[in-house]
Every structure is written in C-alpha cells, then in structure tokens.
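Since this is a predicted model, take the numbers as computed values, not measurements.
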Amino acid sequence: MQRMLNLANYLIEDGHEVNVIAYKPSDDYPNIDINSIKDVSKRIKIWYVQEGFLHRKIRNKVVISQSNDLNKSKTKKFKKVLFNYRKKMLIPDPLIDWLPEVIKYEKRFKIVEQIKPDLIISSSMPNTAHIIGYQLSKKYKVPLMMDYGDPWTYEVSIERGIVRRNIDYFIESRIIKHSQMITVATENTRMLYINKFKVPESKISTFMMGYIPTQKLIANKETSYSPKISFIYGGMLNPIHRNPIPFIEAINNFSSFDVECKFRTNVSKDLIEKFTNTKSLVRVEPLIPFDQFIEELYAADVLVLFGNSTPIQIAGKVFNYMSTGKHILYIKNMPKDIHDPVEKIMEEYGNSTIVQNNNKEIYKSILNLIDLKKNGDLKIKHSEKIDKYTWESQVFLLSRNIRRKFT
C-alpha cells in the first residue's frame, strides 16, 4: 500500500492529475489501516470499487460460523486452509475476483471516458492490478505503465508447479509486451525481466521504495530510559524469504533482565516456540497501523531487519527503518557470493550492524550492541547519503521519465 500511496501523492506534488481505482473492503475486512487514509492527498480522486464476490461470500460464512464458540477453532483452521488454497490456486493472486467488479464499475460510470487519461499505471501487489490496467488500456487505447513492487511469475514465496508457472508467464508476458513502460524495485529484477521476458532495456527501469523525511519529527518525542536493550521487528515472516529462527535462538541465550524483543507479525508465538523448542524472549504482538508502528520504532534501541533470500526484492521496511536514524541489525539471508542490494543501502545508511543469518554470529552482534547501549553509543544518526531514497526523490525522478516518454 505504501508504494502506491506515495507514488500517487508525489505525482500530484509534481504537477500531475491523479485518479485511483481503489479496493473497497467490507466493514468486517481484517487488517485495515484506517489511519493511513489521512495520508492520502486531498487532490487525488479515488474511485472505490467493492471487493470481489469470493471475498464477500467466504467472509460471510466465516462470520456466521464464528458466532458459535464451539466452531471458533475449526473456523480458524478453515480460514488458514482457505487462504493457502486461494494463494496457490487463484491466478495471479486471491484478488482476481476483484477484476469483474472493476470492469462492471468502470463500464457503469465510464471512468476512463470521464478522465481521458494520458497514461494508465497498474501498480502491484496485487498482480491483478496489471490485468485490470491491461484490459482498460486495450479497451480505450491508452498507454500502460506497469509498476512492480514484487515480481509476478518469478516471486519465490508462492509454490508454483510447471502448469501454474506457465499460465502466469503467459499472462504476464502478454501484458508486458503490450505495456509502454515498466518499473521494478531492484536492478536485479530489471535484469531478470530483460532476460526472461526479452524486455528492451530502454523500456524498463528501477523505481525503489522510499521514506518520508517528516517521519524524523517523531524522534523528538521523549521516551523513558531502560537499562535493558530493546529490539523490534515488524512485518510478515515467510520462512522462504525471512528466517527468524537463528535470531530467536541467539536472543534466547540472554536474560530478560538484559534484553527485550518485540515482533509485530502474522506468526503466532506458539509457532515460533514450536520451531525453537523453547520458551522465547520474543514478545509476539499483532500488526498495527503504520503511523503507530513508526512511533514504536523510535521507542526501541535496535530495529531488526531480516533480509530476503533473493536479490530481486527489497522490503519496504528497509526505508521506513532508515527514516528513524535508529541502529539497524541487518540479518542477511543470502549467501555471501550473491550481491545483496540491501547490504549496499545499509552501508550507505551507516548506523547498522550487518551479520549473516547464523545464531552464533547474531549472538556476538547482540553482545556488541549491549556494550554500545551501556556506553551510550546507540544514538540516532541521519546521513545525507540516503536522501536519494526519499519518496520525493524517487517519484520525481520517475515523473521526469514519464514526461519524457509520454508528452
């Protein structure tokens, strides 16, 4: 969401007119960040389209079954199985049921005919957005720009058999061929698309995530001092991408009088303790709205960052973390012989500890961080080297490329 939100906001700031077709979830939709609505520019025209039929139908059944306490545990298991099934079976992703809703809504209100856009931008995730953009682009003969937060066919966290991969590849390659401009999050992804889809080099460029400098203002809030060192992590934990077990094993060697750690994530503490076979020092809590999480980052001593297993993705939290100036413990998940784009960014950031995902190495790093805390050396530091990663810098550069190509 942060990618599309800031792309739209800063395109407006650079003089463009922006309209957004947005997903409108039902009132009982889980994990809605209502607080982020205030961050949307008032100059953006938003066309809200209701969620798809499958989402509405399934959630209604789940709500009904949850009304009986005896069914709650069964319902929880059912939802988990259902989510995994949808992720594996629905192409390109579980939000594909939104496609017919958008097509019906657009036909009814003639959005494209009203706006008369010079360019249609499809921004993922979800990849369903690219199919929507493609259909509108073809129907109205408006140029299409594809913006990828993550790759589609070659995204590694989704298990794909050969049939599923071929279907994904066929659909994606057709849209890529039709598009006039493509942006991806890393240079490694750019080269992947050039090689796998034969995309002309002039057609595809890198557009990273970013951060908002005003987030630094939260640093002025006073926080109470604690002698123990505090760690925090926030976000999804997918073992294929980010394996937290070595860190948890390392931190469990310390006393709760010296160390505290909080994970804001989708994984339960029971599951973490099942993998580590021990009671964990890590306090697991649910995800919270973005602005509240930023405040929690400032309250911690060290921000834990689990690196991805491949160089074709950079987590958005990399940039959110850097906006704080706080010390970052970056735990690499890639072999040393593979170029890691996040490691380069961390080196530019300066206020970081970089370590391989090995519990012994992590343990030594935590010991060193405890010493820094005791000596008063865990301080907020801001480097001008990372100014190029602000959302303003990233989007304004993209904006110039859009003007050059489409005006």
Side-chain angles (χ1 to χ4, degrees), residues 1 3-4 7 21 23 49 51-55 58 80-103 120-139 143-201 203-207 209 236 238-242 266 308-316 333-334:
M1 176 194 168
R3 186 177 181 90
M4 188 179 77
L7 173 58
I21 296 177
Y23 189 86
V49 181
E51 62 183 341
F53 172 78
L54 286 176
H55 284 74
I58 290 169
K80 184 176 179 180
V81 170
L82 186 64
F83 175 79
N84 291 333
Y85 174 81
R86 287 187 296 135
K87 191 173 182 180
K88 289 180 181 179
M89 300 304 295
L90 296 178
I91 298 175
D93 47 54
L95 263 71
I96 188 62
D97 67 328
W98 191 49
L99 171 63
E101 302 293 340
V102 174
I103 298 305
I120 292 173
I121 301 176
S122 58
S123 186
S124 64
M125 305 286 284
N127 290 309
T128 292
H130 294 311
I131 299 177
I132 293 170
Y134 170 69
Q135 292 203 8
L136 295 179
S137 172
K138 285 205 72 175
K139 179 179 178 180
L144 173 67
M145 171 186 145
M146 301 174 71
D147 171 52
Y148 287 89
D150 292 323
W152 176 345
T153 302
Y154 295 97
E155 206 281 314
V156 298
S157 68
I158 298 176
E159 295 179 15
R160 290 179 173 89
I162 188 164
V163 174
R164 165 73 190 265
R165 182 176 291 276
N166 286 340
I167 294 172
D168 275 318
Y169 182 88
F170 174 78
I171 298 171
E172 185 177 13
S173 59
R174 189 168 183 175
I175 301 174
I176 285 173
K177 186 176 181 180
H178 170 80
S179 68
Q180 280 73 46
M181 185 176 179
I182 301 170
T183 54
V184 291
T186 75
E187 181 60 24
N188 296 78
T189 313
R190 180 175 176 270
M191 295 309 302
L192 174 73
Y193 273 68
I194 288 171
N195 294 328
K196 295 291 187 180
F197 293 97
K198 309 304 177 187
V199 179
E201 291 192 25
K203 182 176 175 176
I204 185 168
S205 60
T206 301
F207 168 52
M209 296 283 281
M236 302 300 182
N238 184 327
I240 297 175
H241 264 323
R242 303 166 192 141
N266 59 318
N308 285 340
S309 58
T310 75
I312 60 175
Q313 291 168 293
I314 296 180
N333 267 311
M334 276 179 257

Side-chain donor/acceptor of [X] to backbone N/O of [Y], under 3.5 Å:
{"X": "Asn308", "Y": "Gln313", "result": "yes"}
{"X": "Ser123", "Y": "Arg3", "result": "no"}
{"X": "Asp97", "Y": "Leu54", "result": "yes"}
{"X": "Arg190", "Y": "Ile204", "result": "yes"}
{"X": "Gln180", "Y": "His178", "result": "yes"}

Could you pull out the closest heavy-atom pair between Gly149 and Ala185, with the gap in Å?
O-CB, 3.7 Å

Smallest heavy-atom separation, Ala129 atom then Ser122 atom, equals O-CB, 3.3 Å

Working for side-chain contact (heavy atoms from CB on, under 4.5 Å), residues Lys203 and Ser179:
CA-CA 9 Å; Lys203 182 176 175 176; Ser179 68; 3.4 Å; yes

Proximity of Tyr169 and Phe197 rings by center, below 6.0 Å
yes

Heavy-atom side-chain contact between [X] and [Y] under 4.5 Å:
{"X": "Val102", "Y": "Thr128", "value": "no"}
{"X": "Met125", "Y": "Asn127", "value": "yes"}
{"X": "Ile96", "Y": "Ile131", "value": "yes"}
{"X": "Leu192", "Y": "Thr186", "value": "no"}
{"X": "Ser124", "Y": "Trp152", "value": "no"}
{"X": "Ile176", "Y": "Met146", "value": "yes"}

Over 12 non-hydrogen atoms of neighbours within 6.0 angstrom of NZ in Lys139:
yes

Inspect the surroundings of CZ in Arg165 and state if more than 12 heavy atoms from other residues, nucleotides or ligands are less than 6.0 Å away.
yes

Residue pair [X] / [Y], side-chain donor-acceptor N/O under 3.5 Å:
{"X": "Asp168", "Y": "Thr153", "value": "no"}
{"X": "Glu155", "Y": "Tyr148", "value": "no"}
{"X": "Thr183", "Y": "Asp147", "value": "yes"}

Nearest 0.5 angstrom please: [X] [atom1] to [Y] [atom2], how far?
{"X": "Tyr134", "Y": "Glu172", "atom1": "OH", "atom2": "CD", "result": "13.0 Å"}
{"X": "Ile171", "Y": "Asn166", "atom1": "CD1", "atom2": "CG", "result": "11.0 Å"}
{"X": "Ile132", "Y": "Ile103", "atom1": "CD1", "atom2": "CD1", "result": "6.5 Å"}
{"X": "Met4", "Y": "Tyr23", "atom1": "CE", "atom2": "OH", "result": "12.5 Å"}
{"X": "Ile194", "Y": "Thr189", "atom1": "CD1", "atom2": "OG1", "result": "11.0 Å"}
{"X": "Met145", "Y": "His130", "atom1": "CE", "atom2": "NE2", "result": "10.0 Å"}

Let's go through Ile21 and Trp98 carefully: what are the C-alpha distance in whole Å and the side-chain angles of both, what is the deciding distance for side-chain contact (heavy atoms from CB on, under 4.5 Å) to 0.1 Å, and is it a yes or a no?
CA-CA 11 Å; Ile21 296 177; Trp98 191 49; 4.2 Å; yes

